[in-house]
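Here the structure is laid out as C-alpha cells; the discussion comes afterwards.
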2 protein chains.
Amino acid sequence: MARPSPRIEIAHEALRQAIIEQALKPGTKLPEDVIGEQFAMSRTLVRAVLAKLEAEGLVDANPKRTATVAQPTLAEARDVFEVRRALEAEAVRLVAKRWQPAFADELDSLLRQEDEARARQDERVSIHLAGEFHLRLAQLSGNALLERYLRELITRCSLILAVFGRPHSSDCAIEEHSALITALRAGDADGAVAIMHSHLGAVERRALLGGDDEKPAALGDVLSHYAAAVTARQTTKPSKTANQK
Amino acid sequence: MARPSPRIEIAHEALRQAIIEQALKPGTKLPEDVIGEQFAMSRTLVRAVLAKLEAEGLVDANPKRTATVAQPTLAEARDVFEVRRALEAEAVRLVAKRWQPAFADELDSLLRQEDEARARQDERVSIHLAGEFHLRLAQLSGNALLERYLRELITRCSLILAVFGRPHSSDCAIEEHSALITALRAGDADGAVAIMHSHLGAVERRALLGGDDEKPAALGDVLSHYAAAVTARQTTKPSKTANQK
DNA sequence: TCTGCAATTTCTGTATACTAATTTAGCTGC
DNA sequence: GCAGCTAAATTAGTATACAGAAATTGCAGA
C-alpha cells in the first residue's frame with residue numbers, strides 16, 4: 001500500500017470527503033496554492049494530492065489549467081455503474097463463498113445504524129453509511145484489489161449523485177440491503193448476486209433519473225441553455241458556477 | 001484524462017514497457033536521480049512517474065526508501081486474476097451486445113499478427129500482442145472505465161508472469177482467442193463469456209505454475225535503451241551509465 | 001575473520017525560486 | 001457599448017537547494 005507521507009494522505013482524505021459530501025460542488029476550482037495554504041503544505045505536495053484525486057476521478061485536471069472538482073458526464077456515469085455492477089456482483093459471489101455467521105452481525109450492525117440515521121433525517125450520515133455497507137461487503141470478499149476498485153467506484157457514485165441525482169434522493173433502499181443479508185445468511189449465493197444486481201440497477205435509476213437515452217441533466221448544459229436565451233455568445237465554456245476565491 | 005506533460009507520459013510509458021517486458025526485473029531498485037538522468041528530467045517529474053507506476057501496481061514504493069519494480073505476492077496475483085476474470089467476462093458480455101462484423105476483422109487481424117510473431121519466435125512482440133488482443137476487446141466494450149481497469153490488470157498480469165511464470169512462457173494460447181472470436185461471431189454471448197472464463201483460468205494456471213531463475217541487469221543500460229527516443233532529442237551529452245548492483 | 005559502531009555516502013521529503021502559459025483587467029477605437 | 005488588443009495578475013510546469021533518513025562503508029576490538 002502507498003503511504004508516501006501522512007500529510008499527503010490527510011489532505012487527500014479531507015478533500016475527498018469535502019467532495020463527496022458536496023461541500024465542494026462539482027466545477028469548483030482547486031488552485032494549488034490555495035489548497036497548499038489551507039493544509040500548510042507546499043504546492044509540491046498539493047500536486048501529489050490532486051494527482052491522486054484525479055486518478056480516482058474526483059477532480060478534472062487539464063494540462064495547464066486549474067484543477068476542478070469533477071463533473072462526470074452522463075456517459076461516464078453509465079460506465080461507472082456498469083463496472084460497479086460487475087464488480088459488486090463478484091464481491092457478493094466471493095462473500096457468499098467464504099460466508100461466516102459473524103459477517104451477518106457486521107452487516108446487520110451497519111444496517112441498523114443506517115436505519116437510525118434515515119429515521120432522524122440525518123442525510124449526510126445516511127448517505128455515508130449506505131456507501132459504507134457496500135464497502136464493508138467488498139472488504140468481506142477477502143480480495144484487496146477488488147476492495148480498492150470498489151472503494152473508488154462507490155466514491156464516484158456519490159459524486160455522480162451530486163451531479164445528476166435529485167436533491168433528496170437517498171441512493172440505497174434499506175430493504176434491498178436487508179434482503180441481501182437474508183439471502184447470504186440462507187446460503188443462497190445466486191439469489192444474493194441477483195439481489196445485488198437489481199439493487200444496483202435501482203440505485204442507478206434513482207441516481208440518473210432517466211433511461212439510457214441522452215438526457216441534458218448536466219448542470220453546465222442547463223445553465224448554458226438559460227444563458228443562451230440572454231446572451232448568445234458563450235457557446236463553449238458556459239459553466240462558470242460558484243467557486244471560492 | 002490526464003495529460004500533465006508529454007515528458008511524464010513518455011517516461012511512464014517507457015518504464016512500463018521495460019517492466020512488462022522484463023527488461024527490468026522485479027525487485028530492481030529505481031532511484032529517482034538515476035531515472036531522471038536517463039530521461040533528462042528532474043526528480044520532481046520522476047516522482048510523478050513513479051507515483052503513477054505505483055498506482056498501477058507496477059512498482060513498490062515505501063515511505064523513505066527507494067522504489068523498486070514490484071514483486072507481486074501470490075495472494076496479490078490471485079486477487080488480480082480474480083478481478084480480471086470478472087471484468088473481462090463483463091467486457092465480453094458488452095462486446096457481444098454491441099457486436100458488429102467489423103469487430104471480427106479487428107480481432108482477426110490481431111490474432112494473425114500474434115500467430116506470425118509466435119511463428120518467428122519473436123517473444124517480445126508475441127507477449128505484447130497477446131495482451132493487445134485482450135485490451136482491444138476491452139476497448140470494443142465501449143466502456144472507457146472498464147478499458148482503463150483492464151489495461152491495468154492485463155499489465156499487472158504480465159508482471160505476475162515475470163515473477164511466478166516459467167521464464168519465457170507465452171501466456172495466451174492462440175486457439176483460445178480464436179474460439180472466442182468464433183463464439184462472438186456466431187452471436188453466442190454466453191458461450192463467449194464461458195470461453196473467456198476458462199481461457200483466463202488457463203492463463204492463471206500457466207502463470208502461477210513454474211519456477212524462476214535469476215538474471216542481473218544494469219539499470220542504466222536498460223534505461224538508456226528505453227530512453228533513447230527521449231535523449232536523442234536532448235543535448236547530446238554523454239550519458240554516464242550509473243553503476244547498479 | 002567476524003561483529004558492531006561510527007563516519008560517509010546515497011537517497012528521499014519538501015520548500016522555494018524561476019519560467020512560461022493562461023486568465024483577467026484596462027484600454028482604445030469603432 | 002462592444003470587439004479586439006495589450007498589460008498586469010494568477011497560476012501551473014519544472015528545476016534545484018537543502019534537510020534528514022537509510023543504506024553503505026570502514027575500522028576497531030574481540
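Chain letters run A, B, ... following the sequence lines, proteins first, then strands; residues in each count from 1. Computed from a predicted model, the values in this text were never measured in an experiment.
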| Among D:dA21, C:dT14, D:dA15, which is the nearest nucleotide to the side chain of B:Leu45? | D:dA15
| request: Measure the distance from CD1 on B:Ile8 to P on D:dA12 and round it to the nearest whole Å. | output: 15 Å
| task | Quickly work out the B:Leu30 CG to C:dC11 C1' distance and round it to whole Å. | result | 13 Å
| field | Rounded distance (Å) that lies between atom P of C:dA21 and atom CG of A:Asn62 | value | 17 Å
| said: With a cut-off of less than 4.0 Å, is there a side-chain N or O of A:Arg65 near OP1 or OP2 of C:dT24? | reply: no
| remark: In whole angstroms, the gap separating P of D:dT24 from NZ of B:Lys64 amounts to 17 Å
| Want to settle it: does A:Ala67 or A:Thr44 sit nearer the 5' end of DNA chain D, counting the closest nucleotide to each? | A:Ala67
| Under-3.5 Å donor-acceptor pair between B:Thr66 side chain and C:dT10 base | no
| query | Are OP1 or OP2 of D:dA15 and a side-chain N or O of B:Arg43 less than 4.0 angstrom apart? | reply | no
| query | Of all the choices, D:dA12, C:dC11, D:dA15, which nucleotide is nearest to the side chain of B:Met41 once you look at every atom? | reply | D:dA15
| note | In short, A:Gln71 meets A:Gly27 closest at the heavy-atom pair CG-N, 3.6 Å
| Value rounded to 0.5 Å, distance of CG in A:Leu45 from NE2 in A:His12 | 14.0 Å
| Of B:Glu32 and A:Ser42, whose closest DNA chain C nucleotide lies nearer the 5' terminus? | B:Glu32
| remark: Side-chain atoms of A:Pro31 come closest, of D:dA15, C:dT12, D:dT11, to D:dT11
| request: Output the distance between atom OG1 (A:Thr66) and atom CG (A:Asp60), rounded to the nearest 0.5 Å. | output: 12.5 Å
| message | Is a donor from one side chain sitting under 3.5 angstrom from an acceptor on the other, for A:Glu152 and B:Tyr149? | response | yes
| task | Rounded to the nearest angstrom, tell me the gap between atom CD in B:Glu37 and atom C1' in D:dT14. | result | 18 Å
| said: Tell me if a side-chain donor or acceptor on B:Thr68 pairs with a main-chain N or O of B:Ala70 at a distance below 3.5 Å. | reply: no
| Side-chain N,O (A:Lys29) to OP1/OP2 (C:dT22) below 4.0 Å | no
| request: Would you kindly give the CZ-to-P distance between B:Phe39 and D:dT14, to the nearest whole Å? | output: 15 Å
